[in-house]
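Please read all numbers here as calculations on a predicted model, not as lab measurements.
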Amino acid sequence: MQAQIDPDYLDRLIDEKEAASYLCYSVRALQNWRVRGGGPLFVKVSGRSVRYTRRDLQKWIAEKRVANTSTAPS
């Protein structure tokens, strides 16, 4: 039996707690990146509510990949 793949999985909005878990970082780290820059893209749903997509999280992870320690991540 083949598992069904959810076509919206990568683009569905997730909250910062789920995003932090996905990245293995704290919610506080995400909050700091939103203020200072350098973190993954996010969607500001309202004044105090933000969401992320897994696609943006995966893109951010891919941008951080390096081949060796002398290569600085972007």
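Under the rule for a side chain to side chain donor-acceptor pair (under 3.5 Å), the partners of Ser49 that lie at least two apart in sequence or sit in another chain are Arg51. Applying the side chain to side chain contact (heavy atoms under 4.5 Å, CB included) test to Ser26 and every residue at least two apart in sequence or in another chain returns Arg28, Ala29. Not counting sequence neighbours, the partners of Tyr25 by the ring pair (Phe, Tyr, Trp, His ring centres under 6.0 Å) test are Trp33.
Of all heavy-atom pairs spanning Leu41 and Tyr52, the tightest one is O-CD2, 3.2 Å.
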Could you tabulate the donor-acceptor pairs under 3.5 Å formed by side-chain atoms of residues 9-16, not counting sequence neighbours?
| from | atom 1 | to | atom 2 | distance (Å) |
| --- | --- | --- | --- | --- |
| Tyr9 | OH | Arg54 | NE | 3.3 |
| Asp11 | OD1 | Arg55 | NE | 2.7 |
| Asp11 | OD2 | Arg55 | NH2 | 3.0 |
| Arg12 | NH1 | Asp6 | OD2 | 3.2 |
| Arg12 | NH2 | Asp6 | OD1 | 3.3 |
| Arg12 | NH2 | Asp6 | OD2 | 2.1 |
| Asp15 | OD1 | Lys17 | N | 3.2 |
| Asp15 | OD1 | Glu18 | N | 2.8 |
| Glu16 | OE1 | Arg34 | NH1 | 3.1 |
| Glu16 | OE1 | Arg34 | NH2 | 2.9 |
| Glu16 | OE2 | Gln31 | NE2 | 3.4 |

Exercise. Checking side chain to side chain contact (heavy atoms under 4.5 Å, CB included) for the pair Phe42/Leu30: CA distance, chi angles, key distance, verdict?
Worked result: CA-CA 10 Å; Phe42 62 94; Leu30 288 176; over 6 Å; no
